[in-house]
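Read the structure below first, then the notes.
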Amino acid sequence: MVTDNSEADVKKINHILAGYKGESNLLIQVLLEIQKELRWLPKEGLIRISQELNVPLRQVYHAVTFYKAFSLVPKGKYTVTVCVGTACHVRGSPRILDRVEQTLGINSGDTTPDFKFSLETVNCLGCCAMGPVMVVGDVYHGKLSLDQVRRILDSYD
Amino acid sequence: MPKLKSALELEELREGIVSKRDPSRLCFTVCSGTACLAIGSQPTFAAFEKELEKQGLKDRVDLKPTGCPGFCEQGPIVVVYPQEICYLHVQPEDVAEIISQSMKGQIVERLLYVDPVTGKATSRESDIPFYLYQKRLILGNNRLIDATKIEDYIALGGYKALPKALFDMTPEQVLAEIEKANLRGRGGGGFPTARKWKSTRDAPGEPKYVIVNCDEGDPGAFMNRALMEGNPHSVLEGLTIGAYAMGSHEGFIYVRQEYPLAAENIAIAIKQAEDYGLLGKNILGSGFDFIVKVHKGAGAFISGESSALMNAIEGKVGEPRPKYIHTAEKGLWDKPSCLNNVETWADVPFIINNGAEWFASIGTEGSKGTKIFSLVGKVNNTGLVEVPLGTSLRDIIYRIGGGVSGNKKFKAVQTGGPSGGCIPEQYLDSPVDFDELTKLGAMMGSGGMIVTDEDTCMVDFAKYFVHFLSEESCGKCVPCREGISHMLDILTRITEGKGQATDVQLLEDLARMLKEASLCALGQTAANPVLTTLRYFRPEYDAHINEKRCPAGVCKDLIAFYIEPDKCQACLICARNCPVDAINGGKNLIHVIDQSRCIKCGTCFDVCPPRFGAIKKISGEPVPALILEQDRVIQRKS
């Protein structure tokens, strides 16, 4: 079990929140910023957001569980995102996803035990002409073939 | 930069920018849209920077990162001006040669577009068939503009419509012009834009809000991304004109989370427009105030629905609400709000500049202007295609798109996103506009066009969309939440070979219920992919249900892979690539697949050398018995 909040995380959250006191309509924007910084949303952080933005904790939790961008569990160092949009689908993304799952030994939505990779799917990245597409961290890999998958994943440390 | 205080100052600025630019000067442009970045345009751009520095040409030629020109299949794309020479698939190692040849006025033949049929090379970008048959009003400037430089937009005549509207026209006249142009919403609904604007304008309550919908959640569609990344000022200008017509002083731009570059570029554009006084207080000295904010989405398809999107901007969960009160009357914070698609807003400056009559001269009786389509899937020239409304599907897919890729047979084109439908070959001559595709049970939607070939199973394809919608249904209303998941259960069992004779009827009943009882368009149109595939591809459903056979060889539970003993040359390639070691074989030993271990991933089918073609996909018939052990040895002539 990863501890709910390290001191450094709380510091980062407080730093981000400093600019948004009482701005309840910016809830989603604040959550996005914290998610980007920490790669997840610790419980302690949600409570602080609720207090600072003056939004009921229930409403914060509703938003966090509604939108796909947010995570309530810690994520790996690299997020591997396989596009399963229609264009990628007809060009074979289901098989790419199978291969990534096999290679990493986890299912979509999970994180490797060493916290190196988290695997996710996305419904379209708008790079349809490059399909199938996989993003690792913020690097896009287009026109992917099955045999490239392992090589790409192996190149991250 | 100083704030512009009048239309005259803007014109002086424009003249200043244009006079400093030499149209005969050599300029290299590198496509830097997300799709080209995915295929490596960044290293190509960096190579240009380095090479120009090295050759000491930095001050003599221009280098520009541009937006997406739409020919994504061929990226990274480099165009050399003024001759407009277009190079495709440009890698960093090609850059030095392009520069040195261009300096001599020469062409690098090997990087030109070559027609796959005639084998003829084409050097000028606009002569490439993909571009030649398009009419690129909205998208055309993407390839000429560095999206982070407002000066590029101004130099091309940008922000000309804004002062025209502010100083030469009353808000009513602007509205009348949009009405006369018969502009209809590009997001999919096709609702008359002027009527929406008028309702917002006339609705009681202040302030009024205007909103750009760049949620573009339809998978397979990316025209809004290209426009927002490549030419953000055109959207801003249209939005500002609309705000003037409606008496709004505050606008929002909603950008989906999956489009980080679009959000970045529009934020830069807003800042620059503010600095020049094209946004903010007293725009160009007209007395009109208007500010714009960017709101980033957080990943929810349903948030693209207008009332849901407004909830999201308010910082709430992006769920829709019943619209018996229109958002034009009570939208964002219960104030009159007008939401339009990115492309709709971008059409506005064109109409104001060139007049409603000009705009209405393009397109069909009920659908005016051009529309950008994202042509993707199994087609040779994937990318963005802008054509007059009313162009036939055949022209788009074959003349511009170059036909189906890999010499396969066309099966259907799926239009309109997850709520759209699949159109078969016999309707390819149908004109594409707001009304015609609806008659076929599909719809134009926001402009996604996904081409499928003989290798696509239509039952699986329908299941794909229903699965998508089941995940994206917000769950607020029961018909949508339960109806879609029930449909998914039925389609899943059909693809698993467990379909029942009554399933088709059940699907049709569910479809009717969804259409009539769902709260918003997601549920109301959710059955379209199922209904159109049932209408045009019924034999495929019957094969799955009655014969337990998948004609396209896609549904894993209904297929098997088998190695034909007389074709196998024991090359070991399939055995080495099999991810689960299900293939038994050795040197000079005919390979066999252990069916109990096989996960039907199809890798062996892909890697078996075409000259052998030994792997066979079987569906609807039993796998032949294993070859006898003593017959497996291949006797080769020495």
Side-chain angles (χ1 to χ4, degrees), chain A residues 23-33 35-36 53 55 59-60 62-70 81 83-92 94-95 98-99 102-103 120-131 133-135 138-147 149-150, chain B residues 34-35 37-40 72-73 75 216-222 224-226 257-260 295-301 303 312-319 374 376-378 382-383 414 417-418 448 450-453 455-456 461 464-465 468 471-472 474 577 579 599 601-603 606-607:
Chain A
E23 301 258 19
S24 59
N25 59 328
L26 293 180
L27 171 66
I28 315 290
Q29 309 304 300
V30 173
L31 288 170
L32 279 172
E33 223 176 290
Q35 170 75 39
K36 193 175 173 198
L53 267 60
V55 175
Q59 208 175 312
V60 177
H62 189 189
V64 170
T65 49
F66 180 83
Y67 291 108
K68 280 193 285 268
F70 304 127
T81 311
C83 179
V84 293
T86 322
C88 286
H89 180 84
V90 301
R91 288 190 179 192
R95 290 167 60 198
D98 282 353
R99 183 58 64 89
Q102 249 170 35
T103 309
E120 285 172 9
T121 59
V122 64
N123 282 326
C124 188
L125 293 162
C127 308
C128 310
M130 298 292 132
V133 177
M134 169 172 90
V135 186
D138 52 7
V139 181
Y140 290 70
H141 300 274
K143 294 194 179 173
L144 209 56
S145 63
L146 285 172
D147 55 330
V149 169
R150 177 170 286 280
Chain B
T34 302
L37 292 175
I39 208 85
C72 306
E73 186 72 33
E216 197 164 49
D218 284 0
F222 60 104
N224 290 174
R225 172 184 70 65
Q257 183 235 356
E258 293 84 346
Y259 289 175
H295 181 101
K296 273 189 250 177
F301 176 71
S303 295
I313 292 180
E314 289 179 25
K316 296 183 193 140
V317 161
E319 283 176 349
S374 106
V376 295
K378 301 289 189 66
T382 51
Q414 203 277 347
I450 296 118
V451 178
T452 65
D453 65 12
D455 292 339
T456 308
F461 203 41
Y464 166 83
F465 287 111
F468 172 87
E471 286 196 337
E472 297 297 343
C474 73
N577 280 284
I599 54 168
C601 68
T603 303
D606 290 343
V607 298

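First the proteins, then the strands, lettered A, B, ... as listed; each starts at 1.
Ranked by non-hydrogen atom pairs under 4.5 Å with chain A, the options B/His295, B/Glu216, B/Lys378 are led by B/His295. Ranked by heavy-atom pairs under 4.5 Å with chain A, the list B/Gly318, B/Gly417, B/Gly448, B/Gly220 is led by B/Gly318. Contacts with chain B were tallied for A/Leu31, A/Thr81, A/Val139, A/Val84; A/Val84 has the most, counting heavy-atom pairs under 4.5 Å. Highest contact tally toward chain B, considering only A/Val133, A/Val90, A/Leu27, is held by A/Val90 [criterion: heavy-atom pairs under 4.5 Å]. Chosen from B/Val317, B/Val376, B/Thr382, the residue pairing most often with chain A at heavy-atom distances under 4.5 Å is B/Val317. Ranked by heavy-atom pairs shorter than 4.5 Å toward chain B, the options A/Ala69, A/Gly126, A/Ala87, A/Cys88 are led by A/Gly126.
Counting only N and O atoms by type, the side chains of A/Asn123 and B/Glu472 include a donor and acceptor under 3.5 Å apart.
Not a single donor-acceptor pair under 3.5 Å links the side chain of B/Lys316 to the backbone N or O of A/Gln59.
Inter-residue side-chain proximity for B/Phe222 and A/Cys124 is flagged as unmet; no heavy-atom pair is nearer than 4.5 Å. Counting heavy atoms from C-beta outward, B/Asp606 and A/Arg95 have side chains that approach closer than 4.5 Å. For the pair B/Gln257 and A/Gln35, the minimum side-chain heavy-atom distance is 4.5 Å or more. For the pair B/Ile599 and A/Gln102, the minimum side-chain heavy-atom distance is below 4.5 Å. Using a 4.5 Å cut-off on side-chain heavy atoms (C-beta onward), A/Tyr140 and B/Leu37 make no contact.
If you measure heavy-atom distances from B/Val451 to chain A, the contacts under 4.5 Å come from the backbone alone. Only the backbone of B/Ala221 comes within less than 4.5 Å of a heavy atom of chain A; no side-chain atom from C-beta onward does. Heavy atoms closer than 4.5 Å to chain A are found in the side chain of B/Pro260, but not in its backbone. Heavy-atom distances place the side chain of A/His89, and not its backbone, under 4.5 Å from chain B.
Taken to the nearest 0.5 Å, the CG atom of A/Leu125 stands 9.0 Å off from the OG1 atom of B/Thr34. With rounding to the nearest 0.5 Å, the separation of CZ in B/Phe461 from OG1 in A/Thr86 is 6.0 Å.
Heavy atoms only, all atoms of each residue included: B/Glu73 and A/Arg91 are closest at OE1-NH2, 3.4 Å. Nearest heavy-atom pair, B/Ser303 versus A/Tyr67, reported as atom, atom and distance to 0.1 Å: OG-CE2, 3.7 Å. Smallest separation of non-hydrogen atoms from A/Gly85 and B/Tyr464: C-OH, 2.8 Å.
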Original post:
side-chain contact (heavy atoms from CB on, under 4.5 Å) between A/Lys68 and B/Glu471: does it pass, once the steps are laid out?
Top reply: CA-CA 11 Å; A/Lys68 280 193 285 268; B/Glu471 286 196 337; over 6 Å; no
